[in-house]
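So you know, we letter chains A, B, ... as the sequences are listed, proteins then strands, and number each from 1. What you are looking at is a predicted structure, and each value in this text was computed from that prediction instead of being measured.
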Amino acid sequence: MKVSRYILSTLKEDPSDAVVLSHRLMMRAGLIKKEAAGMYSYLPMGLKVLKKVMSIVREEMDREGAMECLMPELTNADLWKESGRWNTMGPEMFRIKDRNGMEYSLGPTHEESMTNMVRSIISSYRDLPLNVYQINTKFRDEIRPRFGVIRSKEFIMKDAYSYDINQAGLDESYQSMARAYRNIFSRCGLETIPVQADSGTMGGNASEEFMVASEVGEEVLLLCEGCDYRANREKAAYKRTESSADETPLEMKKVSTPDVKTIEDLEAFFGCSQKRFLKSIVYIINEKPVMVVVPGDREVNEHKVAALFAATEIELANDEVVEKVTGAMVGFAGPVGTVGAEIVFDETVPMMKNAITGANEAHYHLKNVNPGRDFEVSKVADVTSAMEGDTCSVCGGKLYEKKGIEVGHIFKLGDKYTKGMNVSVLDENGKAVTPLMGCYGIGVNRTVAAIVEQNNDERGVIWPKEVTPFQVHFIGIGKKEEQVSEFEEIYSRLMSAGFDVLYDDRKSSPGIKFADADLVGIPVRVTAGKGYFESGRLELKYRNSQDIKELSIDEAMEEIGNFYKK
RNA sequence: CGGGGCGUAGCGCAGUCCGGUAGCGCACUUCGUUCGGGACGAAGGGGCCGCAGGUUCGAAUCCUGUCGCCCCGACCA
């Protein structure tokens, strides 16, 4: 491809609305163009990269025996109502009506659609296992699209769904996807951190996220220094230790605390650490109030709480509910006395001594509160988030935090959808069984952004060789007619050797061509200039190195061939 | 949804406080000189100053409304 005929729309300066590195570079290198908030066009070069990532995905999925298909992006509301998600998906689902008033959603994910398609096809255990996938656009009305293509309203996802006759089969399907994902991301030149994850509103149990470490990551991971435990914050477990555990219980006292409402206020008022307080927060779960009691220095982990109640939605109770439950205004809640709600205690609570908590009476707190003595510790669970410095529950090592971009996610869904949507097949004995399901997603364009985020320098992108938009960036320096025809000759020889070549034939100065080459980031650069006309030698330079090799055309082609062969 | 900021040429910005009919850099066109890391000179083209209404002799500028975009936050009692 000749640059003079190509859209090489590079920018010298960062567009004002691009903040994160990958977004800036993708805009500057002319890969994408913003159409509106959270909506991007792919320019030719960006599309080439996207397609390369897609074909890696296809190859690795197919290698594991998955089958590609393609589903409508408009999905029937009835399917969502059947699974119950029409109500639980919330406002992030785009909903539309046709002229007849029929309701649809612009598919945010396709468990229902795929299961609906599959259930009409399978009828026997002989039809399983089955793994079907598609690469298609998904729509989510994101609360706040940002970071370019990393979080957009419209994005491309590879979503696969497996159906197995039993748990052993599901385990196998899951493992095969775990394998495929490792291959896919490594071929994309990405270093991913697989972490244990919460399965969120998708339902189901086991799940693993593939994260790319990045400062702009929207997820917080907790990794162990001592072992290979790694999980995202929504899920991460940690071992409880409590410094006050060996204190002697003192007599409980009621203390007047006018307008002392927040943990910060309490800290100032009592002059002791946040750890000493029992924070009592009221939620509405499955339409019932639940009080969650945690140490003052911890945050309630709503994902863990929701999982505990097998709830899809959890919401903070409003002031009226809090007053009804505790009998006091917000700010003075506690587990001592009468509470009109079920109470859940974090695992730390039973270990605490002489704690301070709300008295369930306006402007009063209780000090020297002791679990077991002053209130019954009925239901204990892990309902707080791990933090940096916490103790690993596996090996006792220290946990540390890292931010990450989620590029892939694999789940075991179990029978959530197959049961809910009445899918069944006959087993060997002619008995109806419900297949078990797994689902496996990859954010394709987010993966491209992650690749850029991880592979660049101050001059621009450095594409890993399997996803580079072109294989060779050829630059000719010289404008004389006979020089240009020599360049044309070299260009066509490179092309006929089978390389995908971007030939910068513009009449610009060399500086512009070199700068654009660095920005665009094709791994191999070949230059024909003064040296070529003197000695017939081309210059070959790899984007990730400073060295320049002087080679004849044949040598250069051999070297490039070897580079891409591996 | 709450808070903050911004909409002026393809891109980056100034001009807005203090009203007088739009400017700079890059990019683009033509000519000449240059020609290995974002060259130089000369001459050009390109704007409903986000949109609508109002005030005024006169509005990019003041007022009202509206739309779009960016950043931060989104409840921990």
Send over the distance from [X] [atom1] to [N] [atom2], rounded to a whole Å.
| X | N | atom1 | atom2 | answer |
| --- | --- | --- | --- | --- |
| A:Lys261 | B:C75 | NZ | P | 18 Å |
| A:Ile143 | B:G2 | CD1 | C1' | 11 Å |
| A:Gln274 | B:C76 | CD | C1' | 11 Å |
| A:Ile263 | B:C76 | CD1 | P | 10 Å |
| A:Phe487 | B:G36 | CZ | C1' | 11 Å |
| A:Leu11 | B:A9 | CG | P | 15 Å |
| A:Met27 | B:C11 | CE | C1' | 10 Å |
| A:Glu315 | B:C76 | CD | P | 15 Å |

Just name whichever nucleotide pairs with [N], Watson-Crick or G-U, keeping both distances under 3.5 Å, else none.
| N | result |
| --- | --- |
| B:U34 | none |
| B:C1 | B:G73 |
| B:C18 | none |
| B:A27 | none |
| B:A59 | none |
| B:G65 | B:C51 |

* Reading nucleotides 67-72 of chain B from the 5' end, what letters show protein touch, with B for base, S for backbone sugar-phosphate only, - for no heavy atom under 4.0 Å? -> --SSBB
* To do: Do nucleotides 25-35 of chain B as a string where each nucleotide becomes B, S or -: B if the base has a protein heavy atom under 4.0 Å, S if just the sugar-phosphate does, - if no protein is that close.
  => BS-------BB
* Within a radius of less than 6.0 Å around OH of A:Tyr364, do more than 12 heavy atoms belonging to other residues, nucleotides or ligands occur? -> no
* Asked: If you count the non-hydrogen atoms of other residues, nucleotides and ligands that lie under 6.0 Å from CD1 in A:Ile7, is the total more than 12?
  -> no
* Asked: In terms of the nearest nucleotide of RNA chain B, which residue is placed more toward the 5' end: A:Arg28 or A:Pro15?
  -> A:Pro15
* Report the residue (A:Thr262 or A:Ala515) whose heavy-atom-nearest nucleotide on RNA chain B is the more 5′ of the two. => A:Ala515
* To do: Output every pair passing ring pair (Phe, Tyr, Trp, His ring centres under 6.0 Å) with a member in residues 367-386 of chain A, not counting sequence neighbours, ordered by first then second residue.
  => A:Phe345-A:Phe375
* **Working for salt bridge (Lys or Arg N to Asp or Glu O under 4.0 Å), residues A:Asp547 and A:Lys541** => CA-CA 6 Å; A:Asp547 303 336; A:Lys541 180 184 171 299; over 6 Å; no
Please give the distance between the [atom1] atoms of [N] and [M] as a whole number of Å.
| N | M | atom1 | result |
| --- | --- | --- | --- |
| B:C6 | B:A60 | C1' | 15 Å |
| B:G3 | B:C13 | C1' | 26 Å |
| B:U16 | B:G10 | P | 23 Å |
| B:G46 | B:C62 | C1' | 30 Å |
| B:G15 | B:U61 | C1' | 9 Å |
| B:C11 | B:A27 | P | 16 Å |
| B:U29 | B:C71 | P | 33 Å |
| B:U55 | B:A59 | P | 11 Å |

* Which residues satisfy the ring-ring contact (aromatic ring centres under 6.0 Å, His included) test with A:Tyr491, sequence neighbours excluded? -> A:Tyr503
* **Any residue meeting ring-ring contact (aromatic ring centres under 6.0 Å, His included) with A:Phe147, in chain and number order, not counting sequence neighbours** => none
* Evaluate the ring planes of A:Phe563 and A:Tyr542, with Trp represented by its six-membered ring, and classify them as parallel (under 30°), tilted (30 to 60°) or perpendicular (over 60°). => tilted
* Structure fact -> The complete set of salt bridge (Lys or Arg N to Asp or Glu O under 4.0 Å) pairs with one or both residues in residues 350-378 of chain A, sequence neighbours excluded, reads A:Lys254-A:Glu361
* Only pairs at least two apart or in different chains count here, so list each salt bridge (Lys or Arg N to Asp or Glu O under 4.0 Å) that has a residue in residues 377-386 of chain A. => A:Arg240-A:Asp382, A:Lys304-A:Asp382, A:Glu342-A:Lys379
Run the side-chain donor-acceptor check on residues 517-537 of chain A: report pairs under 3.5 Å with partners two or more places apart or on a different chain.
| unit_1 | atom_1 | unit_2 | atom_2 | d |
| --- | --- | --- | --- | --- |
| A:Tyr532 | OH | A:Glu486 | OE1 | 3.4 |
| A:Ser535 | OG | A:Gly531 | O | 3.0 |
| A:Arg537 | NH1 | A:Glu550 | O | 3.0 |

* Structure fact -> Considering only heavy side-chain atoms of A:Glu302, the closest of B:G38, B:G37, B:C76 is B:C76
* Asked: Which of residues 534-555 of chain A sit near RNA chain B, with a heavy atom under 4.0 Å from it?
  -> A:Glu539
* Structure fact -> Numerically ordered, the residues 398-405 of chain A set in heavy-atom contact under 4.0 Å with RNA chain B is none
* Check if the side chain of A:Asp518 and the base of B:G37 share a donor-acceptor pair of N or O atoms closer than 3.5 Å. => yes
* Asked: Is there a donor and acceptor pair, one atom on the side chain of A:Arg525 and one on the base of B:G37, closer than 3.5 Å?
  -> yes
* Asked: Among A:His303, A:Glu401, A:Glu219, whose side-chain hydrogen bond (donor to acceptor under 3.5 Å, both in side chains) with A:Arg233 holds?
  -> A:Glu401
* With distance as the sole criterion, is a donor-acceptor pair present between the side chains of A:Ser552 and A:Asp554 under 3.5 Å? -> no
* Asked: Do you see a donor-acceptor pair shorter than 3.5 Å between the side chains of A:Glu35 and A:Ser41?
  -> yes
* Asked: Residues in side-chain hydrogen bond (donor to acceptor under 3.5 Å, both in side chains) with A:Asp504, at least two apart?
  -> A:Arg506
* Sequence neighbours left out, what passes side-chain hydrogen bond (donor to acceptor under 3.5 Å, both in side chains) with A:Glu488? Give chain and number order. => A:Lys2
* Have a look at A:Gly531 and say if it touches a base, only the backbone sugar-phosphate, or nothing, with a 4.0 Å heavy-atom cut-off. => base
* If you look at every strand shown and take non-hydrogen atoms under 4.0 Å, does A:Val322 touch a base, only sugar-phosphate, or nothing? -> base
* **Value rounded to 0.5 Å, distance of CG in A:Asn368 from CG in A:Asn354** => 4.5 Å
* Apply side-chain contact (heavy atoms from CB on, under 4.5 Å) to the pair A:Leu21 and A:Arg24, showing each step before the final yes or no. => CA-CA 5 Å; A:Leu21 188 59; A:Arg24 295 195 323 247; 3.5 Å; yes
